[in-house]
Trainee: 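Got a structure here, written out as structure tokens. Questions coming.
Computed from heavy atoms alone, side chains included, the values below leave out hydrogens, waters and symmetry copies. The chains referred to below are lettered A, B, ... by the order of the sequence lines, with proteins before strands, and numbering in each begins at 1.
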2 protein chains.
Amino acid sequence: MAGVRDGLSKKAYVRAGELARAAGVSTDTLRHYERKGVLGAPRRSANGYREYPPEALARVLLVRRALAFGFTLEELARVLRTRERGGAPCREVRALAAGKLEEVESRLRELRVLRGELRAILGEWDERLAGTAGGGRAGLLESLTESRVSSGRHGNVRAPLRRGRKRNGRRGTDDEKD
Amino acid sequence: MAGVRDGLSKKAYVRAGELARAAGVSTDTLRHYERKGVLGAPRRSANGYREYPPEALARVLLVRRALAFGFTLEELARVLRTRERGGAPCREVRALAAGKLEEVESRLRELRVLRGELRAILGEWDERLAGTAGGGRAGLLESLTESRVSSGRHGNVRAPLRRGRKRNGRRGTDDEKD
DNA sequence: CTTGACCCCGGAACCGGTTCGGAACTTTAT
DNA sequence: ATAAAGTTCCGAACCGGTTCCGGGGTCAAG
């Protein structure tokens, strides 16, 4: 375990591996966070190893938590940087979080609709399959196209919630009238 | 509506652009579908242009619909290919859809939790901000780390519902005891 | 001295669906 | 004829967070 424990203070500088373990991430991830500006480059020991101060752990955990809340590393970097310079990005953070909440709610609506459609279609299929033993062949897929539901692209299910980029929009029949 | 004007039959072969417009996708997407094996390479005209048969539209719409239901192009390709060869992938399709439903429900649970946490944190922040006018500075972010909730990575919000890869896992402190 | 556990680094791969960049071609207007 | 639109073609880029690759150090134990 090689706990640094140098007799001095309770907690001293730790190396990448230890911090990573403590935070539940990989050292690769730590490097990535540093590169993205959410962690801050730690000092280096004589041999070039990173030596993180005890506070780093809290920072990493904070980042993890914020990520779980839907923040992106980029947003986080911006906010943290502002704060590091004495700024008070509180309102911005609040706004950001509010945006996340909206996204989540929107997504919830979409998924609820999707769930309903899935249940309906499954029910229908089971009914049909009951009558078509063995090598079915009843066009299950086909019935998708007919499903009476809105068909309003509820967002590609897995759509990263951060949907919609179309910076230039070349062709693609913009049928987005929402 | 620029219908095919070759006088022959009611509907004749159409080119990429027309099919794309009709299906509400881009020609790029059509190409992609072809490459992924869900569309099937159409014949080519003398100049190398794709010429899709009328049925292609239904196919594309089917794909769109299936995508909206959470199927991936890869799954779709597999199924469609099977079918194309006389197979009856019905049970498989049903199983797939059932899987989607489970994913959606799981995701719904996660998002509901997340929504709750977001609301809570927002409420808390607003309270705090009310008392800290102007240049706030109350550590909003910090309170994230303390939020009493499970903290059980509800899935990175935007996590594509198709979470989790870790083929080899080098380091990374596998703390996934979910 | 070898083994093995850590550490360093830049850059590519991954996922999945879509879009971009830009060359090449066809049709329409001048 | 020729420029200006409009289409089509294709491979490669994109998103975002993480992991992988792979070649090179550092250090303590055996």
Trainee: What residues, two or more places apart in sequence or in another chain, satisfy side-chain contact (heavy atoms from CB on, under 4.5 Å) together with E105(B)?
Mentor: R115(A), R119(A), L101(B), R109(B)
Trainee: Side-chain N or O of T27(B) versus OP1/OP2 of dT8(D): is the shortest distance under 4.0 Å?
Mentor: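 No, because none of the side-chain N or O atoms of T27(B) sits under 4.0 Å from OP1 or OP2 of dT8(D).
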Trainee: Could you write out each protein N or O paired with an N or O of nucleotides 10-12 of chain C at a distance under 3.5 Å?
Mentor:
{"from": "dG10(C)", "atom 1": "N7", "to": "R31(A)", "atom 2": "NH1", "distance (Å)": "3.4"}
{"from": "dG10(C)", "atom 1": "N7", "to": "R31(A)", "atom 2": "NH2", "distance (Å)": "3.1"}
{"from": "dG10(C)", "atom 1": "O6", "to": "R31(A)", "atom 2": "NH2", "distance (Å)": "3.2"}

Trainee: Round to a whole Å and report the spacing from CG of L73(B) to P of dC15(C).
Mentor: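 Roughly 14 Å, once rounded to whole Å.
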Trainee: Which whole-number value in Å describes the distance from K36(A) NZ to dG16(D) P?
Mentor: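 Between P of dG16(D) and NZ of K36(A): 8 Å.
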Trainee: Consider only side-chain heavy atoms of I, L, V, M, F, W and Y, link residues closer than 4.5 Å, and tell whether Y49(B) and Y13(B) are in one cluster.
Mentor: no
Trainee: Pick out the pairs of N or O atoms, protein on one side and nucleotides 3-7 of chain D on the other, that lie under 3.5 Å.
Mentor:
none

Trainee: Let me check something: do L62(B) and L96(B) share a hydrophobic cluster, defined by ILVMFWY side-chain heavy atoms less than 4.5 Å apart, either directly or through other members?
Mentor: yes
Trainee: Can you list everything that forms a side-chain contact (heavy atoms from CB on, under 4.5 Å) with P54(A)? Sequence neighbours excluded, please.
Mentor: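 Expected list: K11(A).
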Trainee: If the cut-off is 4.0 Å, is T72(A) near the phosphate of dG16(D), judged by side-chain N/O to OP1 or OP2?
Mentor: no
Trainee: Does E117(A) pair with R65(B) as a salt bridge, N-O distance under 4.0 Å?
Mentor: yes
Trainee: Does the distance from a Lys or Arg side-chain N to an Asp or Glu carboxylate O, for R128(A) and E142(A), drop under 4.0 Å?
Mentor: no
Trainee: Contact list please: residues 40-48 of chain B against DNA chain D, heavy atoms, distance less than 4.0 Å, in numerical order.
Mentor: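 R44(B), G48(B) - these, ordered by number, are the residues of the stretch whose heavy atoms sit under 4.0 Å from the strand.
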Trainee: With a 4.0 Å cutoff (strictly under), does any side-chain N or O of Y33(A) reach OP1 or OP2 of dT18(D)?
Mentor: yes
Trainee: Between dT26(D) atom C1' and R50(A) atom CZ, what is the distance in whole Å?
Mentor: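 Spelled out: CZ on R50(A) to C1' on dT26(D) is 15 Å.
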Trainee: Mind calculating the distance between CG (L30(B)) and C1' (dC20(C)) to the nearest angstrom?
Mentor: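 One finds 16 Å between C1' of dC20(C) and CG of L30(B), rounded.
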Trainee: So if you build clusters from Ile, Leu, Val, Met, Phe, Trp, Tyr with side-chain heavy-atom gaps below 4.5 Å, do V25(B) and L57(B) land together?
Mentor: yes
Trainee: Of the listed nucleotides (dT19(C), dT18(D), dT19(D)), which one gets closest to any side-chain atom of S26(A)?
Mentor: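 Looking only at heavy atoms from C-beta outward on S26(A), the closest nucleotide is dT19(D).
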Trainee: Do the charged groups of E103(A) and R107(A) touch, with an N to O distance under 4.0 Å?
Mentor: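 Looking at R107(A) together with E103(A), the answer is no, because their closest N to O distance does not fall below 4.0 Å.
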Trainee: Just jot down the side chain to side chain donor-acceptor pair (under 3.5 Å) partners of R85(A), sequence neighbours excluded, or say none.
Mentor: none
Trainee: Can you tell me how far P of dT18(C) sits from CG of L76(B), to the nearest Å?
Mentor: 11 Å
Trainee: Identify the two heavy atoms, one from L114(A) and one from F69(B), that lie closest to each other, and give their separation to 0.1 Å.
Mentor: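 Shortest heavy-atom separation between L114(A) and F69(B) comes out as CD1-CA, 4.0 Å.
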Trainee: Taking all non-hydrogen atoms of both residues, which atom of L39(A) and which atom of A56(A) are closest, and how far apart?
Mentor: CD1-O, 4.4 Å
Trainee: Can you measure E51(A) atom CD to dC27(D) atom P for me and round it to whole angstrom units?
Mentor: 11 Å
Trainee: Could you state the atom-to-atom distance from CD of E74(A) to P of dC14(D) in whole Å?
Mentor: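 Taking atom P of dC14(D) as the reference, CD of E74(A) is at 16 Å.
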Trainee: Rounding to an integer number of Å, can you tell me how far R78(B) CZ sits from dG16(C) P?
Mentor: 12 Å
Trainee: Below 4.0 angstrom, N of the basic side chain to O of the carboxylate: do R21(B) and E18(B) qualify?
Mentor: no
